[in-house]
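Here's the structure, in C-alpha cells; my notes come after.
Proteins get letters first, then strands, A, B, ... in listed order; numbering begins at 1 in each. Since the model is a prediction, treat every value here as computed from it, not as a measurement.
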There are 2 protein chains.
Amino acid sequence: MELAAAKLKFIEAWGKLGSEWGINRTMAQVHALLLVSPEALTTEEIMEQLSISRGNANMTLRDLIGWGLIEKQHKAGERKEYFFADKDVWNIARQVAKERKKRELEPVLKILNELSTVNGDEKDPEFVTFKKSIKDINKLAGNVDKTLETMLKAEESWFWGSVLKVFK
Amino acid sequence: MELAAAKLKFIEAWGKLGSEWGINRTMAQVHALLLVSPEALTTEEIMEQLSISRGNANMTLRDLIGWGLIEKQHKAGERKEYFFADKDVWNIARQVAKERKKRELEPVLKILNELSTVNGDEKDPEFVTFKKSIKDINKLAGNVDKTLETMLKAEESWFWGSVLKVFK
DNA sequence: ATAAAGTTTCAATAATTTTTGAAAGTTTAA
DNA sequence: TTAAACTTTCAAAAATTATTGAAACTTTAT
C-alpha cells in the first residue's frame, strides 16, 4: 500500500472509531491527520486535506486543544498559526482517559452516590432491586475510577507491564 | 429521595452516559429500567414508563437482546412476551466489552495491521512518522485487546483484586 | 376458517448533531 | 490609521440519527 492511500485509510478508520465512541468524526480525523504529520500544519492545510470548512476546522482545532491533544505553534516571522499533535500514544490515551473521567465518569459517580441514599421499604421488591443495582454499579464504577486514577499517574511500561503480568 | 424520583434520575443518567459513549439513549434507558425492575416487563409497560412508541420499543428491545443484555421470558398461559435484564453488573460489563471489542476494536486492529505493511522511503519524514504512529497505536490497541480478553474470562473479584492490588 | 392478541417492519417525520460560510473581530506591519 | 492577513463566531443549512405509527405479519384459541 502507498503512503498517501494508507494515510487516507488511517484518517477514515480513526474517524469511524471516534464516532462510535462519542467523539465527533471530524475531530478524530483532524487528530489523525496531525498524528501522522511530521510537521505542524496550518488551518488552511487541514481544511484542504480533509475538505472541511474554515469554521469547522477552527472549532475542531479549539476542541482538540481543549482535550489537550494538540497544541498551537508559532513560527518565527510568520503570522500563521501552526498546529501539531503530541505523538506519544500513551500520553494521548491518558489525556483522553483524564478528560472522559472528568466529563462523564465523575458526574455519574456523583449521581450514583446520591441515589444510594434513597430510602424506602425493605420489604418492597422494587426498592430492594433498585438499591442492589445501584450499589453494584457504584462499586464497579468506583473500581474503574481507581484504575483510571492509577493509569493517569503511571508510565506506560510500568502500567502494561503490571497489568499484563497479572494476566499471563 | 423517593424511589420513584430516584428511578427516573437513574434512567436519565444512564441514558446520558450511554449517548456520550455511542449507545443510543433510548437503548440505555430501557436497559436501566429493566435493571431496576424486580419483575420482567412487557413491551406495553416499557412503552408507557418511558413514553416511547411501540416501534421504538420493539427495535430497542431487539437490539438489547442482540447485545446480550436482556432476555425474553414467556409466562405460562400468557401470550405476551416479557423482558428482563441480567442484574449481574460484572456480566453486563463483560458483555458490553465483548460486543464492542468485536464490533469496533477488532475491525480497527485489522486495519492497523494492514497499515503496518505500508512501504516507502525511510528518508521521508512523512513515511517515518506515519509508520511510527501506526506502530505505537497498534501496540497500545494490542494491549487493550489482551486485557479485555482476560477480563472476558475472569471472575469479577479476581479481576479487580488483581488490578487493584498492582496499583496500591 | 376466523378473529383476537400480539409482534414486526419501515417509510415518513422529528430531533439532534455537524458543518458551512460570511460577517465580525483581531493582530501586525508599514 | 489603514489595510492586509489571519482568526473567531454563530445563525442557517445540511447531514445524520432516532422515533413514530399504521399496516403487515404471526400466533393462538375457538
- What's the spacing between Glu156(B) CD and Met151(B) CE if we round to 0.5 Å? 9.0 Å
- Message: Contact list please: residues 70-79 of chain B against DNA chain D, heavy atoms, distance less than 4.0 Å, in numerical order.
- Response: Arg79(B)
- Supply the atom-to-atom distance Asp88(B) CG to Gln95(B) CD, rounded to the nearest 0.5 angstrom. 11.0 Å
- Query: Are the side chain of Glu48(A) and the backbone N or O of Glu45(A) linked by a donor-acceptor pair below 3.5 Å?
  - Reply: no
- Please list, by residue number, the residues of residues 48-66 of chain A whose heavy atoms come closer than 4.0 Å to an atom of DNA chain D; answer none if no residue qualifies. Arg54(A), Gly55(A), Asn58(A), Met59(A), Arg62(A)
- Euclidean distance, Phe84(B) CZ relative to Ile70(B) CD1, rounded to 0.5 Å: 9.5 Å
- Taking the side chain from Arg54(A) and the backbone from Thr43(A), do they hold a donor-acceptor pair closer than 3.5 Å? no
- Query: Do the side chain of Lys98(B) and the main chain of Leu148(B) share a donor and acceptor less than 3.5 angstrom apart?
  - Reply: no
- Item | Ring-face cation of Lys7(B) near Phe130(A) (centre distance under 6.0 Å, axis angle within 45°) | no
- Query: CG of Asp145(A) to CG of Leu105(A): how many Å apart, nearest 0.5 Å?
  - Reply: 5.0 Å
- Using the six-membered ring wherever Trp is involved, compare the ring planes of Trp90(B) and Phe159(B) and label them parallel, tilted or perpendicular (cut-offs 30° and 60°). tilted
- Query: What do the steps show when you test Glu20(A) against Arg103(B) for side-chain contact (heavy atoms from CB on, under 4.5 Å), and what is the final call?
  - Reply: CA-CA 10 Å; Glu20(A) 287 166 342; Arg103(B) 297 172 193 215; over 6 Å; no
- Item | Residues within residues 18-43 of chain A bordering DNA chain C, heavy-atom distance below 4.0 Å | Asn24(A), Thr26(A)
- Item | Distance, nearest 0.5 Å, that separates CD1 of Ile137(A) from CG of Leu35(B) | 5.5 Å
- Going by the ring-ring contact (aromatic ring centres under 6.0 Å, His included) test, which pairs reach into residues 2-56 of chain A, not counting sequence neighbours? Phe10(A)-Trp14(A), Trp21(A)-Trp21(B)
- Task: Take the C1' atoms of the five end pairs on each side of the helix from dA1(C)-dT30(D) to dA30(C)-dT1(D), derive the two axes, and give their angle rounded to 10 degrees.
- Result: 10°
- Message: Could you measure the distance from the OG1 atom of Thr60(A) to the CD1 atom of Ile65(A)? Nearest 0.5 Å is fine.
- Response: 11.0 Å
- Donor-acceptor contact below 3.5 Å, side chain Asn113(A) vs main chain Leu109(A): yes
- Task: Heavy atoms of chain B, cut-off under 4.0 Å: which first and last nucleotide of DNA chain D, 5' to 3', fall inside that, if you could look?
- Result: dA18(D) to dT28(D)
- With a 4.0 Å cut-off, would you call Glu99(A) and Lys102(A) a salt bridge? yes
